[in-house]
Amino acid sequence: MNLKDLQEIVANASGLRIVGCGTQKEFLPVWMGEEVLVSNLCGIIAVETSDLVFEAWAGTSLQEVQEELGRHGLHLPLSADLDLPPSVRGGGGTLGGLVAMNLPHALSSQCGGPKEWTIG
(Lines give C-alpha, C1' and ligand atoms only; values in the text may rest on other atoms or scores of the structure.)
Protein backbone atom coordinates (compact mmCIF):
# COMPACT_ATOMS: atom_id res chain seq x y z
CA MET A 1 0.00 0.00 0.00
CA ASN A 2 1.13 3.54 -0.69
CA LEU A 3 -0.25 6.93 0.35
CA LYS A 4 -2.50 7.17 -2.70
CA ASP A 5 -4.02 3.75 -1.91
CA LEU A 6 -4.65 4.82 1.69
CA GLN A 7 -6.28 8.06 0.57
CA GLU A 8 -8.64 6.11 -1.68
CA ILE A 9 -9.53 3.65 1.09
CA VAL A 10 -10.24 6.47 3.55
CA ALA A 11 -12.33 8.39 1.01
CA ASN A 12 -14.53 5.36 0.29
CA ALA A 13 -14.82 3.77 3.74
CA SER A 14 -17.64 4.06 6.22
CA GLY A 15 -15.47 2.81 9.09
CA LEU A 16 -11.79 1.98 9.45
CA ARG A 17 -9.51 0.38 11.99
CA ILE A 18 -5.98 1.61 11.33
CA VAL A 19 -3.34 -0.95 12.36
CA GLY A 20 0.44 -0.58 12.36
CA CYS A 21 1.97 -3.79 13.68
CA GLY A 22 -0.94 -4.67 15.97
CA THR A 23 0.81 -4.56 19.37
CA GLN A 24 -2.13 -2.71 20.98
CA LYS A 25 -5.07 -4.49 19.33
CA GLU A 26 -6.14 -6.05 22.63
CA PHE A 27 -6.82 -2.56 23.99
CA LEU A 28 -9.19 -1.65 21.17
CA PRO A 29 -12.91 -2.40 21.06
CA VAL A 30 -14.26 -4.95 18.61
CA TRP A 31 -14.58 -3.13 15.32
CA MET A 32 -16.81 -4.01 12.43
CA GLY A 33 -15.13 -1.71 9.89
CA GLU A 34 -12.37 -2.44 7.45
CA GLU A 35 -8.92 -3.05 8.94
CA VAL A 36 -6.17 -1.14 7.14
CA LEU A 37 -2.53 -2.08 7.72
CA VAL A 38 -0.20 0.92 7.52
CA SER A 39 3.03 -0.72 8.68
CA ASN A 40 4.52 -0.36 5.20
CA LEU A 41 3.87 3.42 5.27
CA CYS A 42 7.01 3.86 7.30
CA GLY A 43 10.32 5.62 7.49
CA ILE A 44 11.91 8.75 8.84
CA ILE A 45 11.34 11.69 6.52
CA ALA A 46 13.47 14.34 8.23
CA VAL A 47 15.24 15.14 11.49
CA GLU A 48 15.74 18.79 12.44
CA THR A 49 18.13 18.67 15.39
CA SER A 50 18.18 22.44 15.93
CA ASP A 51 14.39 22.42 16.50
CA LEU A 52 14.30 18.99 18.23
CA VAL A 53 11.76 17.90 15.63
CA PHE A 54 11.51 14.89 13.36
CA GLU A 55 9.01 13.84 10.73
CA ALA A 56 8.10 10.21 10.09
CA TRP A 57 5.31 8.07 8.70
CA ALA A 58 2.85 6.64 11.23
CA GLY A 59 3.85 3.05 10.40
CA THR A 60 7.49 3.63 11.41
CA SER A 61 8.59 1.28 14.17
CA LEU A 62 9.53 2.89 17.47
CA GLN A 63 12.80 1.00 17.34
CA GLU A 64 13.65 2.67 14.02
CA VAL A 65 12.65 6.08 15.43
CA GLN A 66 14.84 5.63 18.51
CA GLU A 67 17.79 4.40 16.43
CA GLU A 68 17.58 7.29 13.95
CA LEU A 69 17.11 9.91 16.66
CA GLY A 70 20.03 8.34 18.56
CA ARG A 71 22.31 9.03 15.57
CA HIS A 72 21.50 12.71 16.15
CA GLY A 73 21.91 12.58 19.94
CA LEU A 74 18.13 12.62 20.50
CA HIS A 75 15.49 10.14 21.66
CA LEU A 76 11.85 9.84 22.60
CA PRO A 77 11.61 9.78 26.42
CA LEU A 78 10.59 6.12 26.67
CA SER A 79 12.35 3.82 29.12
CA ALA A 80 13.48 0.44 27.82
CA ASP A 81 14.10 -1.01 31.29
CA LEU A 82 10.55 -0.99 32.67
CA ASP A 83 8.18 -3.92 33.00
CA LEU A 84 5.67 -2.39 30.59
CA PRO A 85 4.23 -3.42 27.21
CA PRO A 86 6.81 -3.20 24.39
CA SER A 87 5.11 -0.23 22.72
CA VAL A 88 5.34 1.79 25.94
CA ARG A 89 9.02 0.89 26.40
CA GLY A 90 9.78 2.04 22.89
CA GLY A 91 10.90 -1.37 21.64
CA GLY A 92 7.80 -2.50 19.76
CA GLY A 93 4.92 -0.89 18.02
CA THR A 94 4.75 2.04 15.67
CA LEU A 95 4.95 5.78 16.00
CA GLY A 96 1.29 6.12 14.97
CA GLY A 97 0.23 3.61 17.62
CA LEU A 98 2.24 5.37 20.30
CA VAL A 99 0.52 8.67 19.57
CA ALA A 100 -2.93 7.13 19.07
CA MET A 101 -2.84 5.18 22.35
CA ASN A 102 -1.12 8.00 24.29
CA LEU A 103 -0.31 5.58 27.11
CA PRO A 104 1.50 6.88 30.20
CA HIS A 105 5.20 6.17 30.59
CA ALA A 106 7.87 6.48 33.26
CA LEU A 107 8.74 10.06 32.31
CA SER A 108 5.20 11.37 31.77
CA SER A 109 5.39 13.80 34.68
CA GLN A 110 8.56 15.38 33.31
CA CYS A 111 8.01 15.08 29.55
CA GLY A 112 4.28 14.76 28.98
CA GLY A 113 2.61 12.12 26.86
CA PRO A 114 3.10 11.22 23.20
CA LYS A 115 0.22 13.42 22.00
CA GLU A 116 1.88 16.39 23.66
CA TRP A 117 5.02 15.74 21.61
CA THR A 118 3.07 15.78 18.34
CA ILE A 119 3.06 18.90 16.18
CA GLY A 120 1.02 17.62 13.27
Side-chain angles (χ1 to χ4, degrees):
M1 172 188 302
N2 58 37
L3 184 57
K4 189 168 184 86
D5 294 337
L6 180 60
Q7 289 170 330
E8 185 175 321
I9 290 169
V10 170
N12 296 312
S14 60
L16 293 175
R17 180 177 183 164
I18 307 295
V19 177
C21 60
T23 60
Q24 300 297 321
K25 284 176 89 169
E26 69 272 10
F27 292 110
L28 300 174
V30 175
W31 186 259
M32 300 306 289
E34 181 179 355
E35 186 170 283
V36 179
L37 300 174
V38 296
S39 56
N40 61 338
L41 290 173
C42 59
I44 307 291
I45 298 166
V47 177
E48 297 294 334
T49 56
S50 61
D51 294 326
L52 303 177
V53 171
F54 74 96
E55 183 179 358
W57 291 98
T60 307
S61 75
L62 291 175
Q63 181 176 348
E64 181 181 346
V65 170
Q66 295 289 52
E67 288 172 1
E68 180 62 25
L69 291 178
R71 287 191 263 284
H72 298 277
L74 303 171
H75 67 278
L76 293 177
L78 301 170
S79 178
D81 61 348
L82 299 174
D83 186 23
L84 296 170
S87 61
V88 178
R89 291 194 314 262
T94 61
L95 184 60
L98 178 72
V99 173
M101 295 302 292
N102 199 38
L103 295 172
H105 57 90
L107 300 173
S108 292
S109 62
Q110 294 97 348
C111 304
K115 285 187 179 180
E116 295 169 307
W117 310 333
T118 305
I119 294 174

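Just so it is clear, the values below take in all heavy atoms, side chains as well, and ignore hydrogens, waters and symmetry mates.
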(request) Indicate yes or no: at least one non-hydrogen side-chain atom of Trp117 is less than 4.5 angstrom from one of Asn102. (result) no
(request) Sequence neighbours left out, what passes side-chain contact (heavy atoms from CB on, under 4.5 Å) with Val10? Give chain and number order. (result) Leu6, Leu16
(message) Tell me if a side-chain donor or acceptor on Thr60 pairs with a main-chain N or O of Gly43 at a distance below 3.5 Å.
(response) yes
(request) Not counting sequence neighbours, which residues clear side-chain contact (heavy atoms from CB on, under 4.5 Å) with Glu8? List them please. (result) Asn12
(request) Find the distance between CG (Leu62) and CD (Glu67) and round it off to the nearest 0.5 Å. (result) 11.0 Å
(request) Applying side chain to side chain donor-acceptor pair (under 3.5 Å), name anything that partners His75, two or more places apart in sequence or on another chain. (result) none
(message) I'd like to check Leu98 versus Leu76 (side-chain heavy atoms, cut-off strictly below 4.5 Å). Are they in contact?
(response) yes
(request) Compare every heavy atom of Ile119 with every heavy atom of Val53, then report the nearest pair and how far apart it is. (result) CG2-CD1, 3.9 Å
Which donor-acceptor pairs under 3.5 Å do the side chains of residues 108-116 make with protein atoms, sequence neighbours left out?
residue : atom : partner : partner atom : Å
Ser108  : OG   : His105  : N            : 2.8
Ser108  : OG   : His105  : O            : 3.0
Glu116  : OE1  : Gly113  : N            : 2.5

(request) Inspect the surroundings of CH2 in Trp57 and state if more than 12 heavy atoms from other residues, nucleotides or ligands are less than 6.0 Å away. (result) no
(message) With rounding to the nearest 0.5 angstrom, report the CG to CD distance, Leu95 to Glu55.
(response) 11.0 Å
(request) List in chain and number order the residues that pass side chain to side chain donor-acceptor pair (under 3.5 Å) with Glu64, two or more places apart in sequence or in another chain; answer none if no residue qualifies. (result) none
(request) Output the distance between atom CD (Gln66) and atom CG (Leu74), rounded to the nearest 0.5 Å. (result) 10.0 Å
(request) Please name the pair of heavy atoms, one in Gly59 and one in Thr94, separated by the smallest distance, quoted to 0.1 Å. (result) O-CG2, 3.6 Å
(request) For Ala100, check side-chain contact (heavy atoms from CB on, under 4.5 Å) against everything at least two apart and list the hits. (result) none
